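Model, not experiment: these values are computed from the prediction. Basis for what follows: all heavy atoms, side chains included, without hydrogens, waters or symmetry-related copies. Just so we're on the same page: letters track the sequence lines, and every chain starts at 1.
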Protein chains: 2
Amino acid sequence: MSARDEFDDLCQEKRPKDSVRTITDLAGIAGVSAGTVSRALANSSLVKARTRDRIQALAREYGFRPNQMASNLRRQKTGVVGVAIPLGHDRHQQVSDSFFMTLLGHLADELTDKGFDLMLRRVIPDRDEDWLDKFIGSGMIDGLIVIGQSDQFDRLEDVADGYRAMVVWGNHREGQRHCVVGTDNRLGGRLAAERLIADGAKAIAFLGDTGPIEFGARFAGAQEAAQRLGVPIKAFPTHLSRDVMQGEVARYLPGLIKDYDGIFAATDTIGVAVLHQLAKMGVHLPDQVRLVGFDDLPIASQTNPPLTTIRQDIRAGAQSMVDLLLRRIAGHTSESVVMPPQLILRGTA
Amino acid sequence: MSARDEFDDLCQEKRPKDSVRTITDLAGIAGVSAGTVSRALANSSLVKARTRDRIQALAREYGFRPNQMASNLRRQKTGVVGVAIPLGHDRHQQVSDSFFMTLLGHLADELTDKGFDLMLRRVIPDRDEDWLDKFIGSGMIDGLIVIGQSDQFDRLEDVADGYRAMVVWGNHREGQRHCVVGTDNRLGGRLAAERLIADGAKAIAFLGDTGPIEFGARFAGAQEAAQRLGVPIKAFPTHLSRDVMQGEVARYLPGLIKDYDGIFAATDTIGVAVLHQLAKMGVHLPDQVRLVGFDDLPIASQTNPPLTTIRQDIRAGAQSMVDLLLRRIAGHTSESVVMPPQLILRGTA
DNA sequence: AGACAAAATGCAAAGGTTTGCAATTAAAAA
DNA sequence: TTTTTAATTGCAAACCTTTGCATTTTGTCT
């Protein structure tokens, strides 16, 4: 064997890592066909155990990993679930909104557990009419989770028949076509109002935007209970964007508490802002004013006094959404899930 | 023309939507080649304006959208940035952790603005040694953002030379190789301790886990200031998982406040838990005990009393990370960014 | 009308895997 | 040893776009 041969041989053995980029490269090294390598790496029982181990060892050695994109293309699936957050009713609301984030966190946990990746997209429907079809048609996702209907109810309905692998967080309306998971907002609103009244409220202020369907239902429920019990109620439009919200709350409250002694905050984030403002004003809860929030976010239990609120089980919701979605991806059908809200009595009502 | 011909013609015209799945299908309808369609849809100036418009109109009509996966494969890029959240030092900590979520929200906003999608992955390094190479090698992402070094500093260093398109949120250490964006935690720790002492604290308790490098630096900074000023300081290991944390805080505090009158919470979430527990115990801030948090999360300003804390500019951090990453994806180099922390005086110290 | 340049289009390879089917090899049965 | 069956492996098509290069069409200038 000549010196040159030895050298070549050495090169062969210590082939630089990045020279093996494709399954075919690895096949060449292993002395088998590309198909066999593919099967070996997929742990297929079609390939002999010894060959499989050998190939896997080689793959490890060369740091080889099959190209996902090619695999996705061939298999026509991606192992990725899209998560869209439409910011329709409140353009300034950031993804950083607390409720969305909490739900998103649980979704991430659930999806990861089931072996899916999560592709996050913030969409502004007003700025891009076509967002839903675009995301679905991108071919990048096996299914889609939409967090919040915002003002996109109709668009979601349009798409629901043609695209099954979609689950939406939001409010359920009789006979709707898109699969939704959410809390019975109307009932939640009723519970809140009933609690405020039971605690002695003579007039109720609803702080929130009644436009988005979820919040509208909360208000409607509260209205229903209030009317039934003969208590006046009025809505004060409040946005979710932190800065805007704080300003609004600060402007409303001083006048508001003269006429209203019960406050129903459409979300805990608003509730916390109210709490903060009341503290600033030296108003004492729950004697002078009663306050009920909605969501039961982590913050709710940490305020002082802790916030009485209507609980949505966000974690259970996330689990349901993922379950339903996977069932739909597998081609089965699935019904919507409406979860019962729960009154959590704490210090503010 | 026979009735049959007319029928066929009709079918041709009203070709069902889903029969045009590929660029080639559309090319057939438009009477051009696939290449031209591809260029037309990409708004290439190589194709005549009239043809281009016609093709785009057809694409709209048939609801056709080119398959991303195939496009990605061919172009060798995806327009997706990976975001990994390693949960190393605290296995039970959920993605739902407040700080991560806030940072993630800003990242989503930034990346969306720049036209990138965001692929989120929660990783548990202990359970999957190979997480980093896997994500990078997946071929699914053009670049990677890692939120938090956790206990993965060495692994990140290993990878940094071979894979440039990575930016990490975390602590900067002299001479490190991976590109990092973060706050000067050591300085932050010093500011916190100095403030506590200036406010009259005679002994400082640090509540947090000193293992993760970021928190370790915070403690080190506080220690340095305390020693310089002759004040004793001690660390009380506290985890980030909400339930665990609350238990620990509840267990520590009753005994702790006998010996310590200054508390430095490693994060605002811990700070809020402390605040809550102190309120329960009827301890008054900031007379009996002083408390400083870290992060300046949205909650910090909403507690009662509002939390004095060390601010990290999370939004600016997110922007930096995205900027640096895009520069790196484009093949340029970029240095780490260390942002100055800022003491935010509120009601607890 | 012819020559030439420029614009528009077509062709086909490349990107890397997966998988049905055919071909080979190994094992079992005769 | 030969035949039959089962276990492995190889082959090549399919997944769908993009893009360099070649070819055709269009337009301009003599």
Side-chain angles (χ1 to χ4, degrees), chain A residues 17-56 58-59 62-80 117 134 136-142, chain B residues 17-56 58-59 62-80 117 134 136-142:
Chain A
K17 264 192 155 195
D18 29 316
S19 82
V20 37
R21 298 243 64 85
T22 81
I23 243 181
T24 313
D25 296 344
L26 194 63
I29 297 177
V32 297
S33 77
T36 303
V37 172
S38 173
R39 283 186 273 253
L41 294 180
N43 272 323
S44 161
S45 64
L46 275 175
V47 15
K48 181 154 56 171
R50 251 189 47 214
T51 337
R52 186 178 38 186
D53 294 346
R54 193 162 56 84
I55 293 176
Q56 290 185 350
L58 280 170
Y62 287 101
F64 171 77
R65 223 174 297 282
N67 180 307
Q68 275 290 335
M69 214 60 60
S71 167
N72 293 342
L73 175 60
R74 171 62 224 235
R75 297 196 338 233
Q76 299 287 80
K77 48 167 96 169
T78 64
V80 177
D117 274 311
K134 245 189 211 159
I136 290 174
S138 73
M140 290 277 279
I141 55 176
D142 290 344
Chain B
K17 264 193 155 193
D18 29 317
S19 82
V20 38
R21 297 244 65 86
T22 81
I23 244 181
T24 314
D25 297 344
L26 194 64
I29 297 176
V32 296
S33 77
T36 303
V37 171
S38 173
R39 282 185 273 253
L41 295 179
N43 271 322
S44 161
S45 64
L46 276 175
V47 15
K48 181 154 58 171
R50 251 189 46 216
T51 337
R52 186 179 39 187
D53 295 345
R54 193 164 55 83
I55 292 177
Q56 289 184 351
L58 280 171
Y62 288 100
F64 171 77
R65 223 176 296 281
N67 181 308
Q68 275 291 334
M69 217 57 62
S71 167
N72 292 343
L73 175 59
R74 173 62 225 233
R75 297 198 341 238
Q76 298 287 80
K77 50 167 93 171
T78 64
V80 177
D117 274 312
K134 246 189 210 157
I136 290 173
S138 73
M140 291 276 280
I141 56 176
D142 289 345

Just call it for Ser38(A): base, sugar-phosphate, or nothing, with non-hydrogen atoms closer than 4.0 Å on any strand. base
Tell me which nucleotide among dT17(C), dC16(D), dT17(D) gets nearest to the side chain of Ile23(B). dT17(D)
Integer-rounded Å distance: dT9(D) C1' and Arg54(A) CZ: 12 Å
Between CG of Leu41(A) and C1' of dG16(C) the distance, given in whole Å, is 13 Å
To the nearest angstrom, the CD-P distance between Gln68(B) and dC15(D) comes to 19 Å
Side chain of Thr24(A) - closest among dT17(D), dG10(C), dT17(C): dT17(C)
If only atom types and distance count, is the side chain of Thr78(B) paired as donor or acceptor with the main-chain N or O of Met140(B) below 3.5 Å? yes
Expressed as a whole number of angstroms, how long is the span from Lys77(B):NZ to dA14(C):P? 21 Å
Map Lys48(B) and Pro66(B) onto DNA chain D by nearest heavy atom, then report which one ends up closer to the 5' terminus. Pro66(B)
Rounded interatomic separation in angstrom, taking CD1 from Ile55(B) and C1' from dA8(C): 11 Å
Is the distance from OP1 or OP2 of dT17(D) to the nearest side-chain N or O of Ser71(B) less than 4.0 Å? no
dT18(D) base to Arg74(B) side chain: any donor-acceptor pair below 3.5 Å? yes
Among the candidates dT17(D), dA8(C), dT9(D), find the nucleotide nearest to the side-chain atoms of Thr51(B). dA8(C)
Under 3.5 Å donor-acceptor pair, Arg39(A) side-chain atoms to dG10(D) base atoms: yes
Just how far, in rounded Å, is C1' of dG16(C) from CZ of Arg75(A)? 13 Å
If you only use heavy atoms from C-beta on, which nucleotide in dT18(D), dG10(D), dT17(C) is closest to the side chain of Asn67(A)? dT17(C)
Is the distance from OP1 or OP2 of dG10(C) to the nearest side-chain N or O of Ser33(B) less than 4.0 Å? yes
What contact category does Gln76(B) fall into here, base, sugar-phosphate, or nothing, at under 4.0 angstrom with non-hydrogen atoms? sugar-phosphate
What is the minimum heavy-atom distance between Phe64(A) and Val20(A), and which atoms define it? CD1-O, 3.7 Å
Measure across Leu73(A) and Gln76(A) and return the closest heavy-atom pair with its distance rounded to 0.1 Å. O-OE1, 2.9 Å
Heavy-atom nearest pair, Ala59(A) first then Leu41(A), reads CB-CD2, 3.9 Å
Gap between atoms CG and P, on Leu26(B) and dC16(D) respectively (whole Å): 14 Å
Of the nucleotides dG10(C), dG15(C), dT17(C), which one has an atom closest to the side chain of Val32(B)? dG10(C)
Would you mind reading off the distance between Asn72(B) atom CG and dC15(D) atom C1', rounded to a whole angstrom? 14 Å
Show the nearest heavy-atom pair for residues Ile55(A) and Ala40(A), with the distance to one decimal. CD1-CB, 3.7 Å
